[in-house]
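Note sheet for the following structure.
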Protein chains: 2
Amino acid sequence: MTEVHKAGSCRTIKASCSDCSLSSLCLPLAVQAEDLDRLDEIIKQGQRVEKGQHLFRSGDEFKAIYAVRTGAIKTYSITPSGEEQINGFYLPGEIMGMDGINTNHHVNSAKALESTTVCEVPFNRLEELTKVLPGLQRHFFQMMSKEIREEQQLIMLLAKKNAEERIASLLLSISTRNGRRRLSTTAFRLPMTRVEIGNYLGLAVETVSRVLTRFQKQGILAVESKEVRINDYQKLCQIATIQEG
Amino acid sequence: MTEVHKAGSCRTIKASCSDCSLSSLCLPLAVQAEDLDRLDEIIKQGQRVEKGQHLFRSGDEFKAIYAVRTGAIKTYSITPSGEEQINGFYLPGEIMGMDGINTNHHVNSAKALESTTVCEVPFNRLEELTKVLPGLQRHFFQMMSKEIREEQQLIMLLAKKNAEERIASLLLSISTRNGRRRLSTTAFRLPMTRVEIGNYLGLAVETVSRVLTRFQKQGILAVESKEVRINDYQKLCQIATIQEG
DNA sequence: CGGATAGTTGACGATAATCAAGCTATGTGG
DNA sequence: CCACATAGCTTGATTATCGTCAACTATCCG
């Protein structure tokens with residue numbers, strides 16, 4: 001608690017979750033301050049994953065879950081016809097890698113979209129800890145159920161929404177998640193490519209591109225390659241949810 | 001084990017999971033035979049839900065998870081624009097109602113597609129039991145992670161597959177799940193309407209109808225209202241997975 | 001500097017949605 | 001038990017959205 005690590009720097013490998021700026025979003029939120037040490041003991045902090053590298057691959061033994069510290073990760077699986085299907089983007093403070101509890105092997109692969117650091121939490125030790133720390137087991141259930149609900153949002157989006165609604169929804173999702181980290185909700189850098197956006201949203205790249213320029217022409221967005229500025233937040237919300245109903 | 005209940009009848013309210021023909025698919029599979037009694041103690045068996053009635057509604061307090069005994073259940077949520085979005089069909093032997101662990105309130109609603117019986121498992125008592133029965137907690141994680149993976153299948157289907165592939169996939173899914181219950185994999189009755197199929201698969205009713213008749217004309221299926229016979233299982237698999245790649 | 005990767009834009013076509021009409025079960029009340 | 005209403009399903013005609021193909025530009029990186 002009274003360590004000398006610099007809290008601000010990304011470079012220093014953190015020795016304690018209590019120093020981490022993301023503690024209010026991450027696993028620690030389920031744990032009493034006095035139990036944080038026990039969480040610290042099992043967590044391996046500050047693992048680096050370079051852009052384009054895998055954190056794990058489909059088929060790998062399931063050993064740990066991961067908390068993103070900096071950067072961004074995509075998870076994807078391969079469809080029967082050999083294509084990639086992205087099923088999630090993970091930003092700092094978000095927990096990932098829970099697929100594979102079922103079979104003890106990861107079903108998805110996880111790849112860094114940019115240089116990324118993660119904290120690794122060995123699952124069997126976490127599982128033991130849940131038996132001692134009452135809040136943790138429930139929190140863990142909650143994380144999984146959150147995962148399920150987020151996927152249901154995506155299902156809804158894919159089943160019901162058109163291209164404009166899908167893209168508006170994704171932008172707003174990223175905006176909200178940035179807000180949780182006290183970053184700007186209106187100006188940010190997309191960590192993923194247009195191809196990845198299209199893949200995730202079930203759209204062709206060309207459609208993604210066209211919708212973004214359309215939004216730009218309408219004054220809703222200002223897009224400069226991966227930098228996005230939301231100029232008309234209201235309008236974007238409108239498009240994301242109702243569109244024509 | 002040596003009870004006098006008639007195993008075949010749907011009417012009799014079962015006093016024990018060990019008598020249930022679905023025990024090899026359901027919660028009991030995680031529990032040693034000698035611990036089954038403890039599971040029995042907390043489970044409320046043979047709750048009836050009539051066709052069209054709700055098992056729970058979005059917003060209801062989350063108290064229990066449910067195992068379908070007979071019949072079929074759909075779970076759905078309401079989109080921002082007020083439409084229904086079906087996100088799962090549950091057949092006998094399948095566990096449902098795990099949404100809502102997160103918030104303590106159900107996010108989805110669950111409605112019977114036909115007259116249905118379910119076993120109710122109070123969640124707080126199940127949670128206690130997981131602490132005593134080692135296999136159960138892991139099994140529970142596994143069920144949730146299975147849920148996640150099934151949703152990912154649906155996401156893939158919605159993002160990448162065309163109408164024919166989607167419908168072929170759904171038919172094969174139902175076929176497989178019937179197989180698990182030792183029912184015919186090639187001839188069965190669909191518990192849901194065409195509208196519900198379309199809703200689930202992100203297609204208009206008309207498209208569902210057209211694809212089914214197309215399959216029929218090609219000799220892949222014989223469809224008689226809700227009764228389906230798969231005549232060319234191979235072909236259907238082909239359509240479901242590759243289609244053109 | 002040059003090759004590769006990422007992104008944009010236009011033309012065209014295909015797939016599936018929408019609109020409209022008719023048909024077929026299912027079930028209810030007379 | 002039949003008639004009628006309703007919900008469920010099918011089919012056709014038309015339209016719109018989005019995907020595909022293609023060419024071109026911008027950006028990144030060794």
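Throughout, a chain's letter reflects where its sequence line sits, starting with A, and its residues are numbered from 1.
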Should A:Lys160 and B:Asn199 count as side-chain neighbours, where that means a heavy-atom distance under 4.5 Å?
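Yes, at least one pair of side-chain atoms sits under 4.5 Å.
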Can you tell if the side chain of A:Asp19 reaches within under 4.5 Å of the side chain of A:Gln45, non-hydrogen atoms only?
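Not touching, per the 4.5 Å side-chain cut-off.
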With a 4.0 Å cut-off, would you call B:Lys51 and B:Glu114 a salt bridge?
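A salt bridge is absent here (no side-chain N lies under 4.0 Å from a carboxylate O).
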d([atom1], [X]; [atom2], [N]) in whole Å:
| X | N | atom1 | atom2 | result |
| --- | --- | --- | --- | --- |
| B:Leu212 | D:dC9 | CG | C1' | 10 Å |
| B:Phe215 | D:dC9 | CZ | P | 17 Å |
| A:Glu224 | D:dC28 | CD | P | 10 Å |
| A:Arg166 | D:dG19 | CZ | C1' | 12 Å |
| B:Glu114 | C:dT26 | CD | C1' | 15 Å |
| B:Lys51 | C:dG27 | NZ | C1' | 10 Å |
| A:Lys161 | D:dT17 | NZ | C1' | 17 Å |
| A:Lys160 | D:dT17 | NZ | C1' | 17 Å |

So, is [X] close to the [N] phosphate, meaning a side-chain N or O under 4.0 Å from OP1 or OP2?
| X | N | answer |
| --- | --- | --- |
| B:Thr207 | C:dA17 | yes |
| A:Thr213 | C:dT9 | yes |
| B:Ser209 | D:dT10 | yes |
| B:Arg194 | D:dT10 | yes |

Given C:dG10, C:dA17, D:dC9, the nucleotide with the shortest approach to the side chain of A:Glu206
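Closest nucleotide to the A:Glu206 side chain: C:dG10.
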Closest to side chain of B:Ala204, choosing from D:dT20, C:dA17, C:dA16:
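For the B:Ala204 side chain, the nearest candidate turns out to be C:dA17.
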Taking atom types as they are modelled, would you say the side chain of A:Arg210 forms a donor-acceptor pair with the base of C:dG7 within the 3.5 Å cutoff?
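Not at all, since no donor on one side and acceptor on the other fall under 3.5 Å apart.
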Give one of base, sugar-phosphate or nothing for A:Gly202, where a contact means two heavy atoms less than 4.0 Å apart.
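The answer is sugar-phosphate, as A:Gly202 gets under 4.0 Å only of primed atoms, P, OP1 or OP2.
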Any base atoms under 4.0 Å from B:Leu203, or only sugar-phosphate, or nothing? Heavy atoms, all strands.
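Sugar-phosphate: the residue B:Leu203, judged by heavy atoms under 4.0 Å, touches backbone atoms but no base.
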Can A:Ser58 and A:Ile78 be said to form a side chain to side chain contact (heavy atoms under 4.5 Å, CB included), step by step?
CA-CA 9 Å; A:Ser58 168; A:Ile78 302 296; over 6 Å; no
How are the rings of B:His54 and B:Tyr76 set to each other: parallel, tilted or perpendicular (split at 30° and 60°)?
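Rings of B:His54 and B:Tyr76: tilted, as their planes differ by 30° to 60°.
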